[in-house]
Amino acid sequence: MILEDIKKILEAEVIVGDELLSRNIKMACGCDLMSDVLSFVKSGSLLLTGLTNPQVVRTAEMADLAAVCFVRGKRPDRETIELAKSKDIPLLMTHLLLFESCGRLHLKGLSGCSENVKQH
Amino acid sequence: MAPNNKISKIQELVYEIRVGEVMKKDVFTVSPRTHMSVLRVILKENRFSGAPVIDKGELIGIISIEDFIKWLAGREEDCPISEKMTRNVSTLYTDEPLTNAISKFDQHGFGRLIVIDRYSKKLEGILTKGDIVEGLLKKLEIDYDDEESRRLRIQHFFEDISADKTVLLFQYDVIGHDFKRAGECSSRLKATLKRLGLHPQTTRRVAIATYEAEMNLIIYTDGGHIRVRVEPHEILVRVEDSGPGIPDIEKALQPGYSTAPEWVRELGFGAGMGLNNIRKCASKMDLRSTAGKGTRLGIYVSVEDGAGCEAN
C-alpha cells in the first residue's frame with residue numbers, strides 16, 4: 001500500500017510531503033508512547049499517533065519510519081513540521097480516532113508490526 | 001555479483017515496485033465525441049500511439065493507433081471516437097506490483113495499460129513496457145549506487161588508513177532538561193554513521209539506543225556527554241553524566257519501572273522502557289551508577305549483529 005492510499009482511506013490531510021505520497025508503507029502501528037514505538041515498530045512502518053511534539057518526528061527518524069499520521073484531528077506545531085520537512089518524513093492528519101484509523105487500514109489489508117508481512 | 005543473483009534481484013523488484021511508481025502521470029485523454037479526423041491531428045502532432053477515452057471523468061474506452069489505421073484502411077466516413085474505440089479496457093491499479101502488469105502485457109499483447117485508482121476508479125496514469133524497463137533500471141541504479149558507495153565509503157576509509165588498529169571517535173554534548181533539542185545528538189550521530197556507510201540496520205540500532213540514552217540525560221540529569229567509538233567490527237556508545245545516579249539498577253532495568261515526572265510522560269517518554277530498549281538494541285550493555293554521583297552507560301553494537309536483523 002502506498003501513502004496515497006492511506007491518505008484516501010483515512011480521509012487525511014497532507015501536512016508535509018505531498019511529493020512523497022508514492023512511498024510504500026509496509027506496516028503500521030498505533031501508539032502514543034514513543035519508547036514503545038522505538039521498541040516494537042519495524043523500519044518502513046507508518047506511525048499513527050495522537051502526540052504531536054517534535055519527538056514524534058525524532059522517533060520516526062531514529063526508527064526509519066516511512067510516515068506519521070496524527071489522529072483525532074491533532075495538528076502539529078511549526079517546529080514539528082519544520083523538523084519533518086528537513087528529515088523527509090511525511091506528516092498526515094486525520095479526524096478519525098486512533099482505533100478507527102487502525103481498523104480501517106487493517107481492513108484494507110495493512111498489517112501490524114508483529115504480523116508476518118508478505119511482500120504483496 | 002553473480003548473474004543469477006541479478007535475476008533474483010529483478011524478480012524481487014517486480015514484486016516490490018508498484019505500478020503507481022513507474023507509470024506516466026500526465027495522460028493525454030480524448031472525449032468520445034471527438035471525431036476521428038481530429039484524432040488524426042492529435043496523434044500526429046503529439047506522436048501518441050493511443051489515448052484513453054474519458055467521459056464525465058470516467059474511463060469508457062481506449063483508442064489506439066491500430067484502431068485509427070483500421071478506420072483509415074476502411075475508408076469510412078468521419079465519425080466520433082466512441083464508434084471506433086475499444087470498450088473493454090484492461091486496467092491496472094496504482095498499488096499493484098509490477099509483476100501483475102507484466103503478466104497482463106504477456107497475456108494480451110497490449111502496448112499500454114491504463115492505470116486507475118483502486119477505490120475511486122479514477123484515471124491515474126498510463127503504463128507501457130518501456131515505463132517498466134525504465135522504472136526497473138532506475139531502481140537498480142539507485143540500489144547499485146547505494147551498495148557501491150557503502151562499499152567504497154567504509155571499506156576504503158578504513159583500508160586507506162595504515163595502522164594496526166583504527167578507531168574513530170565522535171563526541172556529542174547533551175544539555176539537560178532541554179526537551180526542545182532532544183534527539184539532536186542522536187540525529188547527528190545517525191547521519192554520520194550513514195555517511196560512513198554502515199549497514200542500515202546497524203545504524204538504526206545505534207540510533208535508537210543513543211536516542212533513548214539521550215532522552216534519559218535530558219529528563220533526569222543536568223546534561224552529559226555521548227562518546228562514540230567506531231571500529232570496523234563494533235560501535236561503542238558511551239554515555240556519561242554527573243547527575244543523580246540510579247539507586248537501584250535492577251529495578252531501573254525492569255520494563256515499565258519509571259521515576260519520570262508527569263510532564264515527560266505527556267511527551268511520550270518516561271514509560272520505563274528506555275533502558276530496556278537500549279538493552280534490546282545492544283549486543284552488550286554495561287551500566288554503572290552511583291547515587292548522587294552519576295551514571296556511565298556503555299552500549300556495544302557489533303557490526304555483524306546489527307546487520308543481521310532488526311533490533312525488535
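Predicted model only: the values in this text are computed from it and were never measured. Order of the sequence lines fixes the chain letters, A, B, ..., with proteins taken first and strands second; residue numbering starts at 1 for each chain. Any value given below was found using the heavy atoms of this structure, including those in side chains, with hydrogens, waters and symmetry copies removed.
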Under 4.5 Å from a heavy atom of chain B, the part of A:Glu4 involved: neither

SB check B:Asp173 B:Arg227 (cutoff 4.0 Å): no

Rounded to the nearest 0.5 Å, what's the gap from NZ on B:Lys24 to CG on B:Asp131? Could you check? 3.5 Å

Within 45 degrees of the ring normal and closer than 6.0 Å to the centroid, is that where the cationic atom of A:Lys8 sits relative to B:Tyr119? no

Toward chain B, the part of A:Leu51 with a non-hydrogen atom under 4.5 Å: side chain

Test your reading of the model: is there a side-chain donor-acceptor pair from A:Gln55 to the backbone of B:Phe179, 3.5 Å cut-off? yes

Counting only non-hydrogen atoms closer than 4.5 Å, does B:Glu214 touch chain A with its backbone (N, CA, C, O), its side chain (CB onward), both, or neither? neither

Between A:Asn53 and chain B, with a heavy-atom cut-off of 4.5 Å, which part of the residue counts as in contact: side chain, backbone, both or neither? side chain

Pairs satisfying salt bridge (Lys or Arg N to Asp or Glu O under 4.0 Å), at least one member in residues 83-102 of chain A, at least two apart: A:Glu61-A:Lys87, A:Glu82-A:Lys85

Measure B:Asp117 against the heavy atoms of chain A and call it side chain, backbone, both or neither at under 4.5 Å. side chain

With chain A, the option among B:Ala207, B:Ala182, B:Ala271, B:Gly270 that has the most non-hydrogen atom pairs under 4.5 Å is B:Ala182

Please state whether the side chain, the backbone, both or neither of A:Thr59 comes within less than 4.5 Å of a heavy atom of chain B. both

I'd like to know if B:Lys122 pairs up with B:Glu58 as an ion pair, taking the criterion as any Lys NZ or Arg NE/NH1/NH2 lying under 4.0 Å from an Asp or Glu carboxylate oxygen. no

Taking the basic N atoms (NZ, or NE/NH1/NH2) and the acidic carboxylate oxygens, is any pair closer than 4.0 Å for B:Arg18 and A:Asp5? no

Region of A:Leu83 that comes under 4.5 Å of a non-hydrogen atom in chain B: neither

Highest number of heavy-atom pairs under 4.5 Å with chain A: which of B:Asp95, B:Leu267, B:Val206? B:Leu267

Measure B:Glu96 against the heavy atoms of chain A and call it side chain, backbone, both or neither at under 4.5 Å. neither

